[in-house]
Structures are given as structure tokens and as C-alpha cells.
Amino acid sequence: MKIAAIAFTENGARIVRLLQKETGAAGYVFEKYVSDGLEPFADLNKLVTEEFCKNDALIFVGACGIAVRAIAPHIRSKLLDPAVVVLDERGKFAIPILSGHIGGANALAEKVAVITGGTPVITTATDINNKFAVDVFASKNNLYIDDMEIAKLISAEILKGKKIGIYSDFPYKNPPEELTEDSEIGICISHNAQKKPFKTTLNLIPKNIVVGIGCKKGITDVRLAAESLLAAHEISPRAVCMIASIDVKRDEAAILSLADSWEIPFKTYSAEQLMAQSGDFTVSEFVKKTVGADNVCERSVAAAGAKLIVKKTIKNGVTFALGRQDTELDFDAGR
């Protein structure tokens, strides 16, 4: 977790240095109180503007009001915002004020409270009532939440003492007592975002699909073909966690554009790394003579640590393969 810790006073600077030591956080302090190991700042709004999107979490050591005003212009959504925690300058209380569940602010508050010898102040209803929280479960198990409004509705039903349904295409363990197979509202864990086993269904999409790609140099677009392939196998683009290919394609604009539009990494491997993979691959001597590996798309999936589920498929002159990384769902992560 990439963290920026910000202090406004000399006492706060001491807390930030402690957080630096224990969490690896980058430390900032108001320039009047600058000390060894901390970066000075003069304009808090400018600092927060720079750090808000660069970090997984921000920790403010000071008053809650200062932190709230500083982050207010940058708040977008629960799915995108970093965790934000506020500590008083003596480290007595750690208060998550943004992205408590999905962003991990609640967990971070508990962690920093241990470091400072303080108390985490958790206010989210599912936490204080020790109830299953679907957004925590999704975050901890790398699941995309398809509809935050339905997620809120599910939390409200649980807090009323009602049970919610569960359907999953993947094995899971430690299901909480709040779940049942028979309900009008429930969660569906599947790559297929169109699957609706309940009258009101929250689709949770595992982000564990690797797309392997091979293509000619200078191809202008691969997105339509990639999404067509995914649709044919009832896989949401939200399920894709990585694009993989050979290193000679590392600067291929069409693939980079696809990775950017899907907001996922694009990882490449050398021909030697691809040829070192074991498995039943669709080989091509022409491809081997051209790039040094007898198959790019399938071997790239294997190199990324995924199990091949769709072998080499040609669409619009582009070769694709799909793989799935191992997924183990644990509902204990939702408490």
C-alpha cells in the first residue's frame, strides 16, 4: 500500500516519522516544522492535489476539519478514492474518513492505532454491528462491484437482520450466517455480468482473466475483437486483470490503448520466457521464425501464471487466448 502521511505541527511530525518507519509511508510536514526524513510543504491544497491520486492512502495528523476540506475537491467515488485516515497529533485516535471498506481506511486505521498505541474509531454500521460487509468481501477477494446502489441495499437488508442470497460460479469458504440460497435479493459471483439469479442481483466479477495477444506490427485496433471474444464466452471486460504478450510488442499502440481503456497492466515476456512455458500450445513455425516463440498469445497467458481456458483464436487478424488465475473466495474477509 502506497501511503502519504501529512503533519502540520512539530508533534505531528514525530507521528509521521513513526509511520514512515513502520509502514514505509512518504512523510510531509508543514515547512515551519521540517525535520530529517520529511518533505516540507507550504500549500496543503497543492500537496493533496498531487498526492490524492498517486497513493493508495493518505494519513493526516491533525484536525479532521483540515483533512476534510483538503480532500473534498478530489473525491470521486468509493471505487476510486484512496483510503483517508486522520490521527490526532498524539496518536490517541485513528479515524477513517474516506473509503473505509473498499479503499481499506478502516483496516489502515486499526493498523496505525496499533503503531501509535491509540484507538481506531470505526463508524461504519456493518463493522460496529459485526455484520458481513459485501464491499469489504469484494475488495479483499479482488471482485468488481457492478452496482454500488445494490451493494448499499444489501448492506441495509443485512443490518435489518435479513438474509441475502448467494450464487457463485467459483468455490468459496466460510460463508457467513447472513447468506442463504433462497432470497429475492442476493449476490452473484460470476464472470458473466448478465447472470441474474435473484430478483435483485448484485453482480460481483472476479478480476482474474488474463488476455494473451499476438498481432502484426502497427495494427490500429484490438479492442473490438477482444471484447467480441470475451462476449462470446460470457466474460465481462471487468473480469480482465492483465494483458500479456511478447516483449517486441511492448510499445504496440493498439494494445497499450486497450490496457489503458480497461485500466489494467500490460505485461510482456521475452521469447525465451515464453518458450520455457510447459503446456499444449498451438505452435507456428512462421511465428517462431518471426519473433522467436512458436506461439505468443497462449504462452503469454501461461507466463502470466494463468490456466489456459480459451486457446488461440483469430479475430480481425489478431490472435487471442484467455487464461484464468486461481481464485479462492473467502467470506471471512467480509467481516
Side-chain angles (χ1 to χ4, degrees), residues 1 56-57 75-84 96 98-111 122-160 162-181 183 185-210 230 234-242 262-265 324-335:
M1 183 178 246
D56 301 307
I75 295 174
R76 294 170 294 171
S77 79
K78 286 185 175 183
L79 297 176
L80 299 172
D81 294 332
V84 179
L98 187 68
S99 294
H101 281 167
I102 297 175
N106 287 2
L108 180 60
E110 292 174 346
K111 180 178 179 179
I122 309 299
T123 59
T124 42
T126 50
D127 290 82
I128 62 175
N129 287 285
N130 194 32
K131 296 289 187 179
F132 167 70
V134 67
D135 48 359
V136 175
F137 167 69
S139 179
K140 296 293 186 181
N141 286 276
N142 200 28
L143 307 173
Y144 176 78
I145 301 173
D146 195 50
D147 190 319
M148 283 303 301
E149 292 305 312
I150 298 178
K152 293 176 185 177
L153 179 59
I154 284 176
S155 292
E157 292 294 293
I158 289 174
L159 289 169
K160 292 176 186 176
K162 297 182 179 180
K163 292 183 180 291
I164 63 166
I166 172 66
Y167 172 92
S168 180
D169 288 335
F170 300 86
Y172 57 83
K173 61 183 181 180
N174 301 315
E177 62 181 13
E178 292 93 341
L179 299 184
T180 179
E181 293 183 357
S183 177
I185 182 171
I187 61 176
C188 173
I189 305 171
S190 174
H191 287 144
N192 183 1
Q194 305 307 311
K195 189 174 287 187
K196 305 291 181 182
F198 307 101
K199 184 177 180 180
T200 301
T201 299
L202 174 64
N203 292 97
L204 300 180
I205 304 169
K207 296 184 284 188
N208 61 358
I209 295 294
V210 176
L230 291 172
E234 298 184 328
I235 298 174
S236 167
R238 291 292 187 181
V240 182
C241 64
M242 181 193 303
W262 282 352
E263 298 181 323
I264 57 172
R324 183 178 63 240
Q325 296 176 336
D326 288 340
T327 297
E328 182 180 42
L329 303 174
D330 187 355
F331 277 94
D332 270 356
R335 287 192 179 277

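Listed by chain and residue number, Pro120, Ile122 satisfy the side-chain contact (heavy atoms from CB on, under 4.5 Å) test with Glu110 (two or more places apart in sequence, or in another chain). Every residue meeting the side-chain contact (heavy atoms from CB on, under 4.5 Å) condition with Ser168, not counting sequence neighbours, appears here in chain and number order: Phe170, Tyr172, Ile189, Leu329. Ala105 pairs by the side-chain contact (heavy atoms from CB on, under 4.5 Å) definition with Ala83, Val85, Pro96, not counting sequence neighbours. Applying the side-chain contact (heavy atoms from CB on, under 4.5 Å) rule to Ala193 yields the partners Ile205, Ser236; only residues at least two apart in sequence or on another chain are considered. Qualifying salt bridge (Lys or Arg N to Asp or Glu O under 4.0 Å) partners for Glu149, counting only residues two or more places apart in sequence or in other chains: Lys152.
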Could you walk me through whether Ile166 and Ile164 pass side chain to side chain contact (heavy atoms under 4.5 Å, CB included), step by step?
CA-CA 7 Å; Ile166 172 66; Ile164 63 166; over 6 Å; no

Going through the distances and angles, do Phe137 and Leu204 end up as a side chain to side chain contact (heavy atoms under 4.5 Å, CB included)?
CA-CA 10 Å; Phe137 167 69; Leu204 300 180; 4.0 Å; yes

Under the salt bridge (Lys or Arg N to Asp or Glu O under 4.0 Å) rule, what do Lys163 and Glu157 come out as? Steps first, then yes or no, please.
CA-CA 7 Å; Lys163 292 183 180 291; Glu157 292 294 293; over 6 Å; no

Evaluate side chain to side chain contact (heavy atoms under 4.5 Å, CB included) for Leu159 paired with Lys131, printing each intermediate quantity in order.
CA-CA 7 Å; Leu159 289 169; Lys131 296 289 187 179; 4.2 Å; yes

Apply side chain to side chain contact (heavy atoms under 4.5 Å, CB included) to Arg324 and Val210, showing your working.
CA-CA 6 Å; Arg324 183 178 63 240; Val210 176; over 6 Å; no

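Closest heavy-atom contact between Asp135 and His101: OD1-ND1, 2.8 Å. A pairwise comparison of heavy atoms in Val134 and Ser155 identifies CG1-OG, 4.3 Å as the closest pair. When all heavy atoms of Glu178 and Phe132 are compared, the closest pair comes out as OE2-N, 3.2 Å.
Atom CG in Leu80 sits 12.5 Å away from atom CD1 in Ile75 (nearest 0.5 Å). Distance check, rounded to the nearest 0.5 Å: NE2 of His191 to CG of Asn203 gives 12.5 Å. The distance from the CG atom of Leu202 to the CD1 atom of Ile187 is 7.0 Å, given to the nearest 0.5 Å. In this structure, OG in Ser139 is found 7.5 Å from CD1 in Ile145, a value given to the nearest 0.5 Å. Atom OG1 in Thr200 sits 5.0 Å away from atom CD1 in Ile185 (nearest 0.5 Å). Atoms CG and OG, on Asp56 and Ser99 in that order, are 11.0 Å from each other to the nearest 0.5 Å.
The distance between the ring centers of Tyr167 and Phe198 does not fall below 6.0 angstrom.
No donor-acceptor pair under 3.5 Å is formed between the side chain of Thr180 and the backbone N or O of Gly165. Side-chain N or O atoms of Asn142 include none that pairs as donor or acceptor with a backbone N or O of Pro206 at under 3.5 Å. Between the Asn192 side chain and the Gln194 main chain, a donor and an acceptor come within less than 3.5 Å of each other.
Counting only heavy atoms from C-beta outward, the side chains of Asp81 and Arg76 approach each other to under 4.5 Å.
Residue pairs meeting the salt bridge (Lys or Arg N to Asp or Glu O under 4.0 Å) criterion with at least one member in residues 186-207, sequence neighbours excluded, are Asp169-Lys195.
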